[in-house]
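In this chain, numbering begins with 1 at the start of the sequence shown. When reading the values below, keep in mind they use all heavy atoms of this one structure, side chains included, and skip hydrogens, waters and symmetry mates. First listed ligand is number 1; within each ligand, the first listed atom is number 1.
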Amino acid sequence: MSSASNVSKITELIDKLESKRILPKSELTEIISGHTPETDEYLFTKARAVRERIYGKDVYMRGLIEFTNYCKNDCLYCGIRRSAKGAERYRLAEEQIIKCCETGYKLGFRTFVLQGGEDGFYTDDKIVSIVSGIKEKFPDCAVTLSIGEKSRESYEKYRKAGADRYLLRHETANSEHYSRLHPKELTLANRMKCLADLKELGFQTGCGFMVQSPYQTAENLAEDLLFIHNFQPHMVGIGPFIPHHDTPFSNEKKGSLEMTLLLLGMIRLMLPSVLLPATTALGTIHPNGREKGILAGANVVMPNLSPKDVRKKYLLYDNKICTGDEAAECIACLGKRMESIGYRLVTDKGDYKE
Ligand code: 5AD
Ligand code: FES
């Protein structure tokens, strides 16, 4: 195909994605494999218009509290997997977590995201106590949990304790691909079951995946988009895969900025109301990664609110940014960055808008 006719084919598919909110797998794959800088600009302009129709120029912020880097799992990509012997492990006490929220509240955060490895030390009772403690002290704030696969009963307890949202990336919607990224105890079927439970229990639910993780094909990405369309999540977290030195994937290639931005734009067209973060991983692979993410259709940022001394220990991948502008203390810098691209960081719970 000549490049002019490729561009017009891809822009036609982008129009169709916008009006139908989904395309057949072959056409999603065609966009993913055939996009160019020119078609990307076309997509991002549309994606911004869609997000501005619903969320205006507001960018929501979430305070990320990484409260434990112990993990019983052994995902091949992850720097805090149980076999990563180099990881210096830590756990935050309930009082430390509450302190982080106090700091965050003063800075304008109205959502706290508690993220951690799958760590049996935090029993359901402990999680319930932490969640209800935060909700009691900060009734005007949302609590998001991101603590992995649990039983439906456990999720129900968290929900009753007041947790509002739950993030559980599906990682890849292709079960063969899933099994190349995870040890055999972890299955895509169980991940999907957890996601279905979370949604049924009334959580604002987030799924998501890594972009260009090892063995991922363009078809696999199309399958991720089809899954997202079927699941209709409230939030979608995506970021480039980045190798970690202490994992089996240490020598694999990292995901690209371009591919991540493309997928953010496509997801915005598919789910106009979705809460879509420009992630830390995106900020890690490019100095202006998060701004570019916002300009591609994202509407959320998640600065690090963890105590400073643990931030470098919660290392899912190498070179993670966590002490500069992306950290919660430098919310003013982040605000300026957003203003420089015509958006504004807001003090708001930032709930999903129907
Ligand atoms: N590169 C990028 N993202 C990663 N995650 C875990 N390890 C990596 C890595 N090496 C992502 C996973 C997980 C989320 C918390 O972080 O998608 O769900
Ligand atoms: Fe902890 Fe994957 S290594 S959940």
Side-chain angles (χ1 to χ4, degrees), residues 62 64-87 89 91 113-122 144-150 165-173 177-188 190-192 194-195 198 205-216 220-221 224 227-228 233 235-257 259-260 263 277-286 289 293 302 304 306 313-322:
R62 320 295 196 200
L64 183 62
I65 304 171
E66 301 157 329
F67 68 96
T68 171
N69 71 349
Y70 282 84
C71 191
K72 68 169 194 230
N73 291 333
D74 219 16
C75 305
L76 276 73
Y77 46 83
C78 185
I80 64 166
R81 66 202 297 266
R82 66 162 186 268
S83 320
K85 296 296 175 223
R89 307 286 170 168
R91 291 184 174 114
V113 181
L114 301 182
Q115 186 173 92
E118 290 195 17
D119 179 0
F121 173 84
Y122 295 90
T144 305
L145 292 174
S146 177
I147 54 176
E149 295 185 352
K150 309 274 175 181
R165 308 187 186 129
Y166 204 105
L167 300 173
L168 181 66
R169 290 190 180 180
H170 64 283
E171 311 298 355
T172 171
H177 186 217
Y178 196 93
S179 68
R180 302 183 83 168
L181 302 181
H182 299 97
K184 59 180 177 318
E185 318 82 85
L186 293 177
T187 63
L188 181 59
N190 193 53
R191 189 60 59 112
M192 299 281 170
C194 290
L195 282 165
L198 288 163
T205 305
C207 62
F209 56 90
M210 288 176 290
V211 176
Q212 295 174 316
S213 59
Y215 314 111
Q216 186 182 64
N220 291 155
L221 285 169
D224 286 319
F227 166 68
I228 285 172
M235 310 175 280
V236 175
I238 69 165
F241 162 75
I242 304 173
H244 182 285
H245 61 276
D246 207 3
T247 65
F249 291 159
S250 58
N251 292 319
E252 300 289 332
K253 229 177 124 232
K254 68 170 186 288
S256 73
L257 176 74
M259 188 57 83
T260 309
L263 288 155
T279 55
T280 307
L282 187 57
T284 296
I285 60 164
H286 189 283
M302 301 173 71
N304 199 317
S306 312
K313 297 180 188 162
Y314 197 85
L315 209 63
L316 305 181
Y317 43 80
D318 288 336
N319 306 314
K320 179 189 143 195
I321 50 169
C322 59

Quick one: table the atom pairs, ligand 1 N or O against protein N or O, below 3.5 Å, distance rounded to 0.1 Å.
| residue | atom | partner | partner atom | Å |
| --- | --- | --- | --- | --- |
| ligand 1 | 1 (N) | Ile242 | N | 3.0 |
| ligand 1 | 1 (N) | Ile242 | O | 3.3 |
| ligand 1 | 10 (N) | Tyr77 | O | 3.0 |
| ligand 1 | 10 (N) | Ile242 | O | 2.7 |
| ligand 1 | 10 (N) | Leu316 | O | 3.4 |
| ligand 1 | 17 (O) | Arg169 | NH1 | 2.9 |
| ligand 1 | 17 (O) | Glu171 | OE1 | 2.7 |
| ligand 1 | 17 (O) | Glu171 | OE2 | 3.3 |
| ligand 1 | 18 (O) | Glu171 | OE2 | 2.5 |

Would you say Phe249 and His244 make side-chain contact, with heavy atoms under 4.5 Å?
no
Which atom of Asn69 lies closest to which atom of Ile80, heavy atoms considered:
O-CB, 3.7 Å
State whether the side chain of Arg82 and the backbone N or O of Lys72 hold a donor-acceptor pair below 3.5 Å, judged by distance alone.
yes
Trace of the side-chain hydrogen bond (donor to acceptor under 3.5 Å, both in side chains) decision for His182 with Asn73
CA-CA 9 Å; His182 299 97; Asn73 291 333; over 6 Å; no
Determine, stepwise, if the pair Asp74 / Ser83 fulfils side-chain hydrogen bond (donor to acceptor under 3.5 Å, both in side chains).
CA-CA 7 Å; Asp74 219 16; Ser83 320; 2.5 Å; yes
For atom 1 (Fe) of ligand 2, state how many protein N, O or S atoms fall inside a distance shorter than 2.8 Å.
1
Flag the pair Tyr317 / Thr280 as yes when at least one side-chain heavy-atom distance between them is below 4.5 Å, and no otherwise.
yes
Report yes if some heavy atom in the side chain of Tyr77 is under 4.5 Å from a heavy atom in the side chain of Glu252; otherwise report no.
no
Should Glu66 and Lys313 count as side-chain neighbours, where that means a heavy-atom distance under 4.5 Å?
no
Is any side-chain heavy atom of Pro243 closer than 4.5 Å to a side-chain heavy atom of Lys254?
yes
